[in-house]
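As structure tokens, the structure follows; a few thoughts come after it.
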Amino acid sequence: MEKVLPAGYISIFGNYIWGLFVDKDFRGCGIATNLIKEAMKRIINRGEKLIFAAVYKENIISLNLCKSLGFTIDAQVDNKYLLTCRINK
């Protein structure tokens, strides 16, 4: 039987988004964007006004994606940027 693996995944812990991964064969298809948007929607539906994420400094593609979805860099710790998205609802 052939093994079927997911194209990507994301983890949510409270109002933190972390653990985003998209298989290299599926990158550039909008999967990461959709995963982050869905995670944000779930966090917002719980009434949170702040959403946090961390991105490795060398991961410019993920950093730019997060920025395009409303995240800003709040701090730099070691080899990561700590990001915040403020929800105005």
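Because the structure is a prediction, the values reported are computed rather than measured.
- Note that CD1 of Ile12 and CH2 of Trp18 are 11.0 Å apart. Values are rounded to the nearest 0.5 Å.
- Other residues, nucleotides and ligands contribute over 12 non-hydrogen atoms within 6.0 Å of the CD1 atom of Ile73.
- Counting only heavy atoms from C-beta outward, the side chains of Ile17 and Met40 approach each other to under 4.5 Å.
- Counting only heavy atoms from C-beta outward, the side chains of Phe71 and Leu63 never approach each other to under 4.5 Å.
- Leu69 has its side chain out of reach of Cys85: every pair of non-hydrogen atoms, C-beta onward, lies at least 4.5 Å apart.
- Side-chain N or O atoms of Lys57 include one that pairs as donor or acceptor with a backbone N or O of Asp78 at under 3.5 Å.
- Distance CD1/Ile36 to OG/Ser62: 6.5 Å, rounded to 0.5 Å.
- Connection of Phe52 to Leu35 is not established within any shared hydrophobic cluster, with ILVMFWY side chains joined at heavy-atom distances below 4.5 Å, either directly or through further cluster members.
- Atom OH of Tyr16 has 12 or fewer neighbouring heavy atoms from other residues, nucleotides or ligands inside a 6.0 Å radius.
- In the displayed structure, Arg27 atom CZ is contacted under 6.0 Å by more than 12 heavy atoms of other residues, nucleotides or ligands.
- Following chains of ILVMFWY side-chain contacts shorter than 4.5 Å, one cannot reach Ile31 starting from Leu5, and the two form parts of different hydrophobic clusters.
- Note that NZ of Lys49 and OG1 of Thr84 are 15.5 Å apart. Values are rounded to the nearest 0.5 Å.
- Within 6.0 Å of atom OH in Tyr56, 12 or fewer heavy atoms from other residues, nucleotides or ligands are found, so the atom counts as exposed in its surroundings.
- Within the model, atoms CG of Asn34 and NZ of Lys41 stand 10.5 Å from one another, a figure rounded to the nearest 0.5 Å.
- Taken to the nearest 0.5 Å, the CG atom of Asn15 stands 7.0 Å off from the CG atom of Leu50.
- Residues Phe21 and Leu65 fall into different hydrophobic clusters, defined by Ile, Leu, Val, Met, Phe, Trp and Tyr side chains chained together at heavy-atom separations under 4.5 Å.
- Asp25 approaches Asp23 most closely through the heavy-atom pair N-OD1, 2.8 Å.
- Taking hydrophobic clusters as Ile, Leu, Val, Met, Phe, Trp and Tyr residues chained together by side-chain heavy-atom distances below 4.5 Å, Ile43 does not share a cluster with Tyr9.
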